[in-house]
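Order of listing sets the numbers, starting from 1, for every ligand and every atom in it. The basis for the numbers below is simple: all heavy atoms, side chains too, and nothing from hydrogens, waters or symmetry mates. These figures come from a predicted structure and were not determined experimentally.
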Amino acid sequence: MILIDGKKAAAELRAELKQEVAELKAKHNKVPGLTVILIGDLTPSQIYVRNKEKSANEVGLKSEVIKYPDSVEEKIVLEKIKELNSDKTVSGILVQLPLPKHIDKQKVIEAIHPSKDVDGFHPMNVGNLSSGYESSIPCTPLGCYLLIKKFEPSLNGKKAVVVGRSNLNGKPMTQLLLKENCTVTITHSKTKDLKAECLEADIIVAAVGIPELVRGDWVKKDAIVIDVGINKTDKGIVGDVHFEEVSKNVKALTPVPGGVGPMTIACLLKNTIDCFKRSQI
Ligand code: NAP
């Protein structure tokens, strides 16, 4: 079994992006800029945002974090987004989720101009992705896709099973695999026989949020398995795939931690740079 090393792949991607930022700076005399809006003081959100800022600085992006207290009014946030939409030094805008209950998530997502939507959540980007057009792609599925492609450059005709149909992971992942000519089955909590579906798959992407759901006798010998799950349990952080069992039975598997996670932030940087490049055309 080959362990797909997300840490290494993310470090390689960041090195490529750093080089690209240097070239863009030489060509345009400016660098892509990422602005993150952080509302409230949830510890995981603060850690994510700190990591995003650190990684953005490392590759040479201009990065800014705008912080608001939990009690901030929705209209203040929407006004700030409007201002950032017309700021030429800002290539990408990200509002860290989750938001306090009094702020309408969908309104916030739709307020970000699609050309600066580095999360790929705006309906325009969702539509473009599903139509096969150029778009910002949500960072986690993009990271999964890059890991799969690095391991298996041609996915033509492969059978893929995506476990989970969230807008964040499962649905965009399905679109990316379809674009690569996979035959894709998307599964969810009402799927009748998940084990039987998984047993058919050359590629499994599990994005469910249930610890160790995918078991060793659910997988084919030559399958590639990508584990998106991050679940806190008594024995520490585990994925949606039973690592010990599945690692004995497949061709390749991502670990948790150290698989998909590191690729997510690297893909945010990639999306920021791609937004910048599209804005220079
Ligand atoms: P989500 O929005 O809660 O969606 C979970 C999906 O799993 C839903 O579509 C649900 O089906 C499906 N599901 C639930 N129980 C199932 C079952 N027994 N069999 C098959 N499908 C089932 O979750 P998410 O935001 O996509 O996140 C999934 C996991 O990825 C979580 O552990 C999260 O922490 C992790 N995550 C990791 C990263 C990273 O960077 N590595 C980023 C984001 C999320 P229904 O639609 O029918 O309810």
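- For the pairing with M124, the side-chain contact (heavy atoms from CB on, under 4.5 Å) check across S136, P114, S115 returns one residue only, P114.
- Close contacts of ligand 1 with T264, meaning ligand atoms under 4.0 Å from a residue heavy atom, involve 39 (C), 40 (O).
- Looking at K67 and D41, no side-chain N of the basic residue comes within less than 4.0 Å of a carboxylate O on the acidic one, giving no salt bridge.
- In this structure, CD in E110 is found 11.5 Å from CD1 in I81, a value given to the nearest 0.5 Å.
- Atoms of ligand 1 found under 4.0 Å from any heavy atom of V260 (numbered from 1 in listed order, with element): 41 (N).
- Distances between N or O atoms of N169 and those of ligand 1 include at least one value under 3.5 Å.
- Residue contact check for ligand 1: N231 places a non-hydrogen atom closer than 4.0 Å to it.
- Counting heavy-atom neighbours within 6.0 Å of K18 NZ, excluding the residue itself, gives a total of 12 or less.
- At the shortest separation from atom 2 (O) of ligand 1 among protein heavy atoms lies S166 CB, 3.4 Å.
- Numbered from 1 in the order shown, with element, the atoms of ligand 1 that lie under 4.0 Å from a heavy atom of I210 read 15 (N), 16 (C), 18 (N).
- Contacts with ligand 1 closer than 4.0 Å are made by no heavy atom of T191, backbone or side chain.
- Between the side chains of Q175 and S130, not a single donor N or O lies within less than 3.5 Å of an accepting N or O.
- Residue-level proximity to ligand 1 for T140 is carried by the side chain, the only part with a heavy atom below 4.0 angstrom.
- A salt bridge links E12 and K8; the closest N-O separation between the charged side-chain nitrogens and carboxylate oxygens is under 4.0 Å.
- Atoms of ligand 1 found under 4.0 Å from any heavy atom of L194, numbered from 1 in the order shown, are 19 (N), 20 (C).
- Checked against ring pair (Phe, Tyr, Trp, His ring centres under 6.0 Å), H188 has no partners two or more places apart in sequence or in another chain.
- There is a side-chain donor-acceptor pair under 3.5 Å between T264 and T140.
- Nearest to atom 29 (C) of ligand 1 among the protein's heavy atoms is G209 N, 3.6 Å.
- For the pairing with D202, the side chain to side chain donor-acceptor pair (under 3.5 Å) check across K158, K220, K159 returns one residue only, K220.
- The closest approach between any non-hydrogen atom of A207 and ligand 1 is below 4.0 Å.
- Counting protein heavy atoms only, atom 23 (O) of ligand 1 is closest to V208 O, 4.1 Å.
- The shell of residues lying under 4.0 angstrom from ligand 1, judged by heavy atoms, includes L168.
- Looking at K190, E197, H188, M263 and measuring to atom 21 (N) of ligand 1, the nearest heavy atom belongs to H188.
- Looking at K80 and E83, a side-chain N of the basic residue comes within less than 4.0 Å of a carboxylate O on the acidic one, giving a salt bridge.
- Summarising the contacts of atom 46 (O) of ligand 1 with R165, M173, K171, the nearest heavy atom is found in R165.
- Evaluated by nearest non-hydrogen atom to atom 10 (C) of ligand 1, the leading choice among A206, G259, S189 is S189.
- Close approach to G164 involves these atoms of ligand 1, each under 4.0 Å from a residue heavy atom: 6 (C), 7 (O), 9 (O), 12 (C).
- The distance from atom SG of C198 to atom CD1 of I204, rounded to the nearest 0.5 Å, is 4.0 Å.
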